[in-house]
Amino acid sequence: MGYPTERREAVLKKLLPPNNMSIAQLAKEEGISDATLYLWRKQARNEGRLMPDADNSSANNWSSRDKFAAVMETAAMSQTEVAEYCREKGDRSRHIHCVRPVQA
């Protein structure tokens with residue numbers, strides 16, 4: 001059974017802040033198998049999107065992949081641009097300063 005792109009995006013969005021749902025919670029709530037949700041998350045990551053591994057949004061609990069992606073996405077940005085990026089990405093990204101190299 002195929003799901004429309006809009007449905008997939010709406011479901012994946014629940015993995016992100018402010019919801020921070022786990023795959024297990026999301027599978028139960030949406031009636032979609034956890035295997036399907038893991039596949040969708042993997043596909044989103046392959047597209048270069050930040051997708052959390054853990055429910056905790058602290059930068060200390062980010063996967064290495066997410067830390068690297070955050071650094072790459074924000075490397076050329078000014079502080080103002082990073083602040084805007086963080087507002088767009090939600091609470092999870094408020095810790096970017098923890099993983100981003102300090103610029104002179």
Side-chain angles (χ1 to χ4, degrees):
M1 170 175 159
Y3 291 90
T5 302
E6 297 81 18
R7 171 97 165 111
R8 289 173 127 195
E9 292 304 316
V11 170
L12 284 175
K13 191 173 182 179
K14 292 181 180 184
L15 294 173
L16 304 171
N19 301 307
N20 294 327
M21 292 181 75
S22 69
I23 293 279
Q25 288 174 307
L26 196 53
K28 185 175 181 178
E29 180 178 295
E30 296 291 334
I32 300 172
S33 75
D34 56 348
T36 297
L37 295 175
Y38 281 114
L39 175 64
W40 291 358
R41 183 177 69 181
K42 181 180 178 181
Q43 290 170 338
R45 284 180 173 161
N46 288 340
E47 294 169 1
R49 295 168 44 197
L50 280 171
M51 298 302 297
D53 276 330
D55 299 332
N56 191 328
S57 62
S58 169
N60 294 329
N61 294 316
W62 285 17
S63 69
S64 296
R65 173 187 321 208
D66 286 345
K67 288 179 184 179
F68 181 73
V71 169
M72 293 303 292
E73 285 185 36
T74 62
M77 293 181 183
S78 68
Q79 284 185 313
T80 304
E81 292 168 326
V82 170
E84 183 177 329
Y85 171 90
C86 291
R87 283 191 298 275
E88 289 174 7
K89 296 290 184 180
D91 289 340
R92 181 172 169 76
S93 297
R94 68 187 163 94
H95 298 288
I96 292 236
H97 66 277
C98 297
V99 297
R100 226 178 139 220
V102 177
Q103 294 179 349

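Computed from a prediction, not measured in an experiment: that's the story for all the values here. In this chain, residues are counted from 1 in sequence order. The basis for the numbers below is simple: all heavy atoms, side chains too, and nothing from hydrogens, waters or symmetry mates.
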Residues at least two apart in sequence or cross-chain that pass side chain to side chain donor-acceptor pair (under 3.5 Å) with K14, listed by chain then number, are E29, E30
Under 4.5 Å between side-chain heavy atoms, hopping through other hydrophobics if needed: is there a path connecting M21 to L39?
no
Looking only at heavy atoms, what is the nearest atom pair of S33 and A27, with distance?
C-CB, 4.2 Å
Looking only at non-hydrogen atoms, find the nearest pair between M51 and L15 and report the distance.
CE-CD1, 3.7 Å
Once rounded to the nearest 0.5 Å, what's the spacing between atom OH of Y3 and atom OG1 of T36?
6.0 Å
Ignoring hydrogens and angles, tell me if any N or O in the side chain of S22 forms a donor-acceptor pair with the backbone of Q25 under 3.5 Å.
yes
Spacing of N46 atom CG and R41 atom CZ [to the nearest 0.5 Å]
11.5 Å
Among residues at least two apart in sequence or on other chains, which ones pass salt bridge (Lys or Arg N to Asp or Glu O under 4.0 Å) with R49?
E9, E47
Using 0.5 Å steps for rounding, measure from the CG atom of L12 to the CG atom of L37.
7.5 Å
